[in-house]
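Here the structure is laid out as structure tokens; the discussion comes afterwards.
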Amino acid sequence: MPELPEVTALVAFLDGRATGHAVASLRVAAISALKTFDPPLSAIEGERIERVRRHGKFVDLDTGGHHLVFHLARAGWLRWYDEVPSTLVKPGRSSLALRVRLDDGSGFDLTEAGTKKSLAVYVVRDPAEVPGIARLGPDPTASDFTLADFAAVLEGRRTQIKGVLRDQSVLAGIGNAYSDEILHAAKMSPYALAAKLTAQQVEHLYHAMRDTLAEAVAAASGRPPAELKDAKRRAMRVHGRTGETCEVCGDTIRQVIFADSTFQYCPGCQTGGKPLADRVLSRLVK
């Protein structure tokens, strides 16, 4: 799933190439991806893109009168074309969900792999009309998001810190991968309760979060969409590296399996050398 750093790079890429161009056409290939009907998709055709912005993991193409907003979900991606293919868009025939053509012939496809379709596209008059944007928490990379703000976000939350970091209504933009990386950098167990963290632990986690995301944003900056996925995988220290050796302490990276996701961590760095219980399999992670 693209998270805050990759979406930031996608927004910068689109802002540099799409801003100033009019939307010539939009063609939906996956009807389930379109989540709005008023205004209609056609309302944005002919309008000129004024800017591209990010809201959490949402991309917002602002035409002044309307906003084309999309969320790539777990398996979605954007493919840019300097010349959009002239082939007819046929619903249900491929991974294609939406094709956007600009007035100079360039544009992009939104695609989604797999059978579980969660990619979402909206045409709205205001981004706040998108439910997922309306409930977003603060941006953890914002210059005015302070340690005091972070402490206030965590205060009283008797839930595991892994889940708190991923909750978009608490902090906007962090997902499964970067929450793993942040907790590894902070040397903190994913199961630690947010409300029980000491002031020192909160400060350490705050700086680990800010530094991890800043480094990832910098690494993604300037890369075209086709390079972002591989660049993200290469940069991960624990996420997606089950069974590999931790480059910090030399322990073996482990994982915990949930019903629809997994997360990775280093026992040596984060849990005092003790493997965490796997709640799905009711056994210790091997």
Side-chain angles (χ1 to χ4, degrees), residues 1-8 54-58 132-220 232 235-241 246-249 251 253-256 258 261-279 285:
M1 175 187 292
E3 299 178 31
L4 185 154
E6 295 78 46
V7 176
T8 299
R54 178 181 64 80
H55 310 278
K57 301 177 194 176
F58 291 84
I133 293 178
R135 61 173 176 262
L136 285 177
D139 186 326
T141 63
S143 59
D144 60 352
F145 185 70
T146 66
L147 172 59
D149 294 328
F150 185 58
V153 162
L154 300 185
E155 186 177 3
R157 294 187 181 275
R158 301 187 61 81
T159 50
Q160 294 170 351
I161 191 62
K162 166 76 176 178
V164 172
L165 291 175
R166 291 185 61 186
D167 188 336
Q168 299 303 294
S169 67
V170 177
L171 294 167
I174 301 173
N176 194 33
Y178 286 104
S179 58
D180 283 353
E181 296 299 300
I182 290 165
L183 291 169
H184 179 251
K187 298 186 182 298
M188 184 175 293
S189 169
Y191 288 169
L193 295 182
K196 291 190 174 183
L197 298 180
T198 66
Q200 185 178 13
Q201 287 176 314
V202 170
E203 182 174 4
H204 190 50
L205 180 60
Y206 171 78
H207 290 297
M209 175 183 68
R210 298 274 288 190
D211 291 347
T212 297
L213 293 175
E215 289 170 7
V217 168
K232 176 181 178 179
M236 296 287 114
R237 293 187 174 185
V238 289
H239 184 78
R241 298 194 179 278
C246 173
E247 62 183 49
V248 175
C249 73
D251 202 348
I253 296 169
R254 314 290 183 100
Q255 76 174 357
V256 171
F258 289 100
S261 67
T262 64
F263 72 77
Q264 288 77 43
Y265 69 100
C266 170
C269 290
Q270 297 175 252
T271 60
K274 182 180 179 181
L276 297 173
D278 185 319
R279 298 185 175 186
V285 177

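- Taking the six-membered ring for Trp and thresholds of 30 and 60 degrees, Phe150 and Tyr206 have ring planes inclined between 30 and 60 degrees apart.
- Here the side chains of Ser189 and Leu183 are not in contact, with every heavy-atom distance at 4.5 Å or above.
- Side-chain atoms of Val248 and Lys187, non-hydrogen and from C-beta on, do get closer than 4.5 Å to each other.
- Considering only heavy atoms from C-beta on, Phe258 stays 4.5 Å or farther from Asn176 through its side chain.
- Residues meeting the salt bridge (charged side-chain N to carboxylate O under 4.0 Å, His left out) test with Glu203, sequence neighbours left out: none.
- Scanning all heavy atoms of the two residues, the minimum distance from Ala277 to Tyr191 falls at O-OH, 3.2 Å.
- The main-chain N or O of Glu3 is found under 3.5 Å from a side-chain atom of Glu6 such that the two form a donor-acceptor pair.
- Of all non-hydrogen atoms in Cys266 and Cys249, the two that sit nearest each other are SG-SG, 3.3 Å.
- The OG1 atom of Thr8 sits 9.0 Å away from atom CG of Leu213, with the distance rounded to the nearest 0.5 Å.
- The closest side-chain heavy-atom distance from Glu181 to Arg237 is below 4.5 Å.
- Residues passing the side chain to side chain donor-acceptor pair (under 3.5 Å) test with Gln264 are His239, Gln255, Thr262, sequence neighbours excluded.
- Of the possible donor and acceptor atoms, one in the side chain of Asp149 sits under 3.5 Å from a partner among the backbone N and O of Thr146.
- A heavy-atom distance below 4.5 Å is found between the side chains of Met236 and Tyr178.
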Are Thr271 and Arg254 close enough, and set up right, to give a side chain to side chain contact (heavy atoms under 4.5 Å, CB included), and what steps lead you there? CA-CA 11 Å; Thr271 60; Arg254 314 290 183 100; over 6 Å; no
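- When all heavy atoms are compared, the tightest approach of Tyr265 to Pro190 is CB-CG, 4.2 Å.
- In terms of modelled atom types and a separation under 3.5 Å, the side chain of Lys232 and the main chain of Met1 share a donor-acceptor contact.
- The closest donor-acceptor contact from the side chain of Arg210 to the backbone of Ala142 lies under 3.5 Å.
- Side-chain atoms of Glu155 never come within 3.5 Å of backbone atoms of Ala195 as a donor-acceptor pair (strictly under, hydrogens ignored).
- Closest of all the heavy-atom pairs between Pro138 and Phe145 is CG-CE1, 3.7 Å.
- The side-chain heavy atoms of Ile161 and Leu154, taken from C-beta on, include a pair separated by under 4.5 Å.
- Here CD of Gln168 is found 8.0 Å from CD1 of Ile174. Values are rounded to the nearest 0.5 Å.
- Residue Asp251 comes nearest to Gly268 through the heavy atom pair OD2-N, 3.0 Å, listed as atom of the first residue, atom of the second, then distance.
- Residue-environment remark: CZ (Arg241) exceeds the threshold of 12 foreign heavy atoms within 6.0 Å.
- Atom CG of Asp180 sits about 8.5 Å away from atom CZ of Arg166, to the nearest 0.5 Å.
- For the pair Gln270 and Met188, the tightest heavy-atom approach, listed with the atom from each and the gap, is NE2-O, 2.9 Å.
- Side-chain contact between His184 and Ile253: absent, with no pair of heavy atoms (C-beta onward) separated by less than 4.5 Å.
- Every side chain to side chain donor-acceptor pair (under 3.5 Å) that Ser179 has, sequence neighbours left out, goes to Lys162.
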